[in-house]
Amino acid sequence: MATNSAPLNSSSTQNKSSPSPSSLSIQSKEELEKVFNRFDTNGDGKISETELGAVFSSLGSSFSDEDELRRIMDELDSDHDGFISLTEFAAFCGSSSAEDGGASELLDAFKLYDQDQNGLISASELHLVLNRLGMNCSVQDCHRMIRSVDSDGDGNVNFEEFQKMMTTANANNSNASPL
């Protein structure tokens, strides 16, 4: 999934592993539609609460109760028809979190990949997340992706390397894979 940051804004009722609605930075219309279509699993042109929950679940996010998912859905569903349209999704993705320059969103994105929360993204973690997102690749492919951004040579991606990669991708207006 070629996103430049992770979903959504936190609230006090949200558990630490669930995403938070604020914004998602996507660089092009083509990339936006690609991400939207990954969420819209039945291809009906809109994202249902069930589809939204399934995506978050596949990324390892959990909700302490259904109210959290409903709150996220309500925040994104501006016309209150019970679905997120491409227009609503685009508005969400186009909004920005200027308070911290997007650093908290980058950290949220990093945490989605850092499945064991040890501060590093390994090839096996990258492989797991990308395959959950339907991006079939081998662990060997993931090792290659990591080598391309692993400036300290430890075979993993730390947050600093992740942040550098994502900000470079933004500066180049890149549509490349996350790693």
Side-chain angles (χ1 to χ4, degrees), residues 1-10 14 17-63 66 68-79 81-97 102 104-115 121 123-139 141-142 144-146 148-149 157 162 165-166 169-170 172-179:
M1 183 168 171
T3 61
N4 293 332
S5 61
L8 327 178
N9 189 36
S10 49
Q14 198 172 340
S17 65
S18 65
S20 55
S22 71
S23 71
L24 181 67
S25 177
I26 297 182
Q27 296 299 313
S28 71
K29 183 178 178 184
E30 179 182 299
E31 184 178 5
L32 176 80
E33 289 175 357
K34 184 176 179 183
V35 173
F36 181 84
N37 290 334
R38 288 230 184 255
F39 282 58
D40 178 21
T41 55
N42 68 1
D44 65 357
K46 52 193 175 188
I47 300 169
S48 68
E49 186 173 334
T50 302
E51 289 169 321
L52 185 65
V55 169
F56 290 145
S57 179
S58 74
L59 292 172
S61 296
S62 60
F63 297 95
E66 290 181 25
E68 286 182 76
L69 185 58
R70 167 87 339 244
R71 182 189 55 75
I72 292 168
M73 189 74 180
D74 287 344
E75 229 176 281
L76 300 179
D77 179 20
S78 60
D79 65 4
D81 67 351
F83 298 95
I84 301 167
S85 67
L86 180 59
T87 303
E88 290 165 329
F89 189 73
F92 162 68
C93 294
S95 65
S96 66
S97 169
S104 65
E105 291 178 350
L106 276 176
L107 184 58
D108 287 345
F110 180 82
K111 287 178 180 179
L112 286 176
Y113 289 94
D114 181 17
Q115 296 284 293
I121 301 170
S124 61
E125 289 171 317
L126 179 60
H127 179 256
L128 176 72
V129 172
L130 292 180
N131 280 282
R132 283 181 177 170
L133 292 171
M135 300 172 83
N136 295 323
C137 59
S138 69
V139 174
D141 293 333
C142 293
R144 278 192 293 274
M145 286 184 247
I146 286 177
S148 72
V149 298
V157 176
F162 184 81
M165 174 200 59
M166 297 306 274
N170 267 341
N172 295 332
N173 196 16
S174 171
N175 291 329
S177 168
L179 288 176

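The structure displayed is predicted, hence computed values, not measured ones.
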Just do the salt bridge (Lys or Arg N to Asp or Glu O under 4.0 Å) check on D141 and R144 with the steps written out, would you? CA-CA 5 Å; D141 293 333; R144 278 192 293 274; 2.3 Å; yes
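- Annotation: side chain of I72 is not in contact with side chain of E49 (no heavy-atom distance under 4.5 Å).
- Counting heavy atoms from C-beta outward, F162 and I121 have side chains that approach closer than 4.5 Å.
- From E51, atom CD reaches atom OG1 of T41 across 4.0 Å, with rounding to the nearest 0.5 Å.
- Taking S124 as the reference, S122 meet the side-chain contact (heavy atoms from CB on, under 4.5 Å) condition, with sequence neighbours excluded.
- In this view, N131 and H127, N136, C137 satisfy the side-chain contact (heavy atoms from CB on, under 4.5 Å) rule, not counting sequence neighbours.
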Mind running side chain to side chain contact (heavy atoms under 4.5 Å, CB included) on M135 and R38 for me, showing each step along the way? CA-CA 10 Å; M135 300 172 83; R38 288 230 184 255; 3.5 Å; yes
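- Between K46 and D40 the shortest side-chain heavy-atom distance does not fall below 4.5 Å.
- Counting heavy atoms from C-beta on, the side chains of I84 and L52 come closer than 4.5 Å.
- Here D114 contributes atom CG and L107 contributes atom CG; the two are 9.5 Å apart, rounded to the nearest 0.5 Å.
- The closest donor-acceptor contact from the side chain of Q115 to the backbone of E125 lies at 3.5 Å or more, if one exists at all.
- Annotation: side chain of L128 is in contact with side chain of R132 (closest heavy-atom distance under 4.5 Å).
- Taken from CD in E88 to CE in M73, the straight-line distance is 8.0 Å, to the nearest 0.5 Å.
- For the pair V149 and M165, the minimum side-chain heavy-atom distance is below 4.5 Å.
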Output, in order, the C-alpha distance, side-chain angles, deciding distance and verdict of side chain to side chain contact (heavy atoms under 4.5 Å, CB included) for L130 and M145. CA-CA 12 Å; L130 292 180; M145 286 184 247; 3.9 Å; yes
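- Annotation: the span from L76 atom CG to F83 atom CZ amounts to 14.5 Å, rounded to 0.5 Å.
- Scanning both residues, G82 and D77, for their nearest heavy atoms gives N-OD2, 2.7 Å.
- The ring-ring contact (aromatic ring centres under 6.0 Å, His included) test applied to F36 returns F89, not counting sequence neighbours.
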